[in-house]
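Data first, discussion second: the structure below is written as structure tokens.
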Amino acid sequence: MAHDPGTLPADLPVPVDDGAARHLLGAKFPEMELQSTTGEKVTLSRLSTNSPIVLFIYPRTGRPGIDPPTGWDEIPGARGCTPEACSFRDLADEFRARGVVLFGLSTQDSAYQQEAVERLRLPYPLLSDEHLELLKTGNFPAFDVDGMTLFKRMTLVLREGRIARVLYPVFPPDRAADQALAAVTELLAESS
């Protein structure tokens, strides 16, 4: 049976909060350029916007018919990147209505990410940290599998270059956008 990254098995292991993201709340987002699927380089900490930025960080999107890394479904929080990306796609208008700028980020290169943007019809850019600069500068949670270093799934809400909200771990992945929308709505209510 061909692998379908768009479906979630019912028995996915639930990730636990290992404390690996606690230090991020309130921190300045690292100064670094990330390649975007729009072809531009993006420096999130310098993005000139008065609105919040939602950055969902995910391990890797899969491709239909291509097997995932070894033991992928047994790694808590690994499976579900495609449903997560689609959840943000489906609520993109809700984020936009609140003035939110939306990005996804993984360690995959931009060419790989561009295929996902087109196939899944994502209305927001994906950012590539293929050289693991974010891991080096910000100590972000990650794991290794099949010789790859991948981010653990989390969502950050950035405001004026700082991390105003940290959602970690994110589960289930197909509800990530709902969780992020609730966090943004709460943040906006506090600042009004």
Side-chain angles (χ1 to χ4, degrees), residues 2-15 21 29 34-40 42 44 47 49-66 68 72-73 75-129 141 150-159 163-189:
H3 173 68
D4 177 7
T7 61
L8 291 173
D11 59 348
L12 280 179
V14 178
F29 194 81
L34 296 164
Q35 184 63 49
S36 168
T37 51
T38 64
E40 301 171 331
V42 174
L44 292 170
L47 213 59
T49 176
N50 292 327
S51 300
I53 296 168
V54 169
L55 175 67
F56 72 94
I57 300 173
Y58 60 96
R60 63 185 299 280
T61 53
R63 290 188 175 156
I66 298 175
W72 193 245
D73 289 356
I75 301 169
R79 177 83 181 257
C81 301
T82 297
E84 178 182 25
C86 291
S87 77
F88 280 97
R89 175 198 65 202
D90 295 345
L91 290 179
D93 288 341
E94 295 287 329
F95 285 102
R96 200 172 304 115
R98 288 164 175 78
V100 173
V101 180
L102 187 58
F103 293 97
L105 182 143
S106 75
T107 61
Q108 294 166 302
D109 66 45
S110 281
Y112 190 101
Q113 291 177 331
Q114 186 60 45
E115 185 279 334
V117 166
E118 292 168 9
R119 176 172 41 89
L120 302 173
R121 299 177 326 279
L122 302 180
Y124 53 82
L126 298 178
L127 304 176
S128 172
D129 186 17
L150 305 172
F151 289 114
K152 290 186 178 182
R153 187 180 320 281
M154 65 186 322
T155 303
L156 305 178
V157 181
L158 309 177
R159 193 84 190 253
I163 301 170
R165 294 288 189 275
V166 177
L167 304 175
Y168 175 84
V170 173
F171 192 84
D174 60 342
R175 303 287 298 162
D178 294 308
Q179 296 166 8
L181 193 60
V184 165
T185 302
E186 177 184 288
L187 180 66
L188 291 171

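The structure presented is a predicted model; accordingly, all values stated were derived computationally and were not measured.
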Could I get the full list of side chain to side chain contact (heavy atoms under 4.5 Å, CB included) partners for Pro13, not counting sequence neighbours? Pro76

If we only count heavy atoms from C-beta on, is the Thr61 to Glu115 side-chain gap below 4.5 Å? no

Can you check whether Leu126's main-chain N or O pairs, donor with acceptor, with Thr37's side chain at less than 3.5 Å? yes

So, taking the atom named OG1 in Thr155 and the one named CD1 in Ile57, what distance separates them when rounded to the nearest 0.5 Å? 8.0 Å

Partner residues of Ser106 under the side chain to side chain contact (heavy atoms under 4.5 Å, CB included) criterion, sequence neighbours left out: Tyr58, Gln108, Gln113

Distance-only, no hydrogens or angles: does the Arg89 side chain make a donor-acceptor pair with backbone N or O of Leu120 under 3.5 Å? yes

Ala176: which residues meet the side chain to side chain contact (heavy atoms under 4.5 Å, CB included) condition with it, sequence neighbours left out? Glu84, Ser87, Phe88, Val170

Before you tell me yes or no, could you show the steps for Trp72 and Arg60 under side-chain contact (heavy atoms from CB on, under 4.5 Å), namely the whole-Å CA-CA distance, both residues' side-chain angles and the distance that decides it to 0.1 Å? CA-CA 11 Å; Trp72 193 245; Arg60 63 185 299 280; 3.7 Å; yes

Beyond-backbone contact of Met154 with Leu105, side-chain heavy atoms, under 4.5 angstrom: no

Output for pair (Gln114 CD, Ser36 OG), nearest 0.5 Å, gives 8.5 Å

Inter-residue atom distance Leu187.CG - Arg165.CZ, 0.5 Å rounding: 4.5 Å

Tell me whether the guanidinium CZ or amine NZ of Arg96 lies under 6.0 angstrom from the six-membered ring centre of Tyr124 and within 45° of its axis. no

Minimal non-hydrogen separation, Val166 against Ala21, with atom names: CG1-CB, 3.9 Å

Just by modelled atom types, is the Cys86 backbone N or O under 3.5 Å from a matching donor or acceptor in the Arg121 side chain? no

Determine, stepwise, if the pair Leu127 / Leu44 fulfils side-chain contact (heavy atoms from CB on, under 4.5 Å). CA-CA 10 Å; Leu127 304 176; Leu44 292 170; 3.9 Å; yes

How long is the gap from CD on Glu94 to CG on Leu102, to the nearest 0.5 Å? 12.5 Å

Do you know the tightest heavy-atom contact between Gly6 and Pro83? O-CG, 3.6 Å

Do Leu12 and Pro172 touch side chain to side chain, with heavy atoms closer than 4.5 Å? no

Given Ile163, Val184, Val101, Val42, the one that forms side-chain contact (heavy atoms from CB on, under 4.5 Å) with Ile53: Val101

Which pair of non-hydrogen atoms, one from Pro15 and one from Phe171, has the smallest distance, and what is that distance? CD-CD1, 3.4 Å

When you measure from the side chain of Arg153 to the backbone of Ala78, do you find a donor-acceptor pair of N or O atoms at a distance under 3.5 Å? yes

Got more than 12 heavy atoms from elsewhere within 6.0 Å of CZ, Arg119? yes

Rounded to the nearest 0.5 Å, what separation is found between the CG atom of Asp129 and the OG atom of Ser110? 10.5 Å

Would Phe56 and Leu167 count as a side-chain contact (heavy atoms from CB on, under 4.5 Å) if you check the C-alpha gap in whole Å, the side-chain angles of each, and the deciding distance to 0.1 Å? CA-CA 9 Å; Phe56 72 94; Leu167 304 175; over 6 Å; no

Kindly compute the distance separating OG1 (Thr107) from CG (Leu150), expressed to the nearest 0.5 Å. 4.5 Å

Can any side-chain N or O of Tyr168 pair as donor or acceptor with the backbone N or O of Leu156 at less than 3.5 Å? no

Before you tell me yes or no, could you show the steps for Phe29 and Leu47 under side-chain contact (heavy atoms from CB on, under 4.5 Å), namely the whole-Å CA-CA distance, both residues' side-chain angles and the distance that decides it to 0.1 Å? CA-CA 11 Å; Phe29 194 81; Leu47 213 59; over 6 Å; no

Nearest heavy-atom pair of Arg159 and Ala164: which atoms, and what distance? CB-CB, 4.1 Å

For Gly99 and Ser51, which heavy atoms make the closest approach, and how far apart are they? O-CB, 2.6 Å

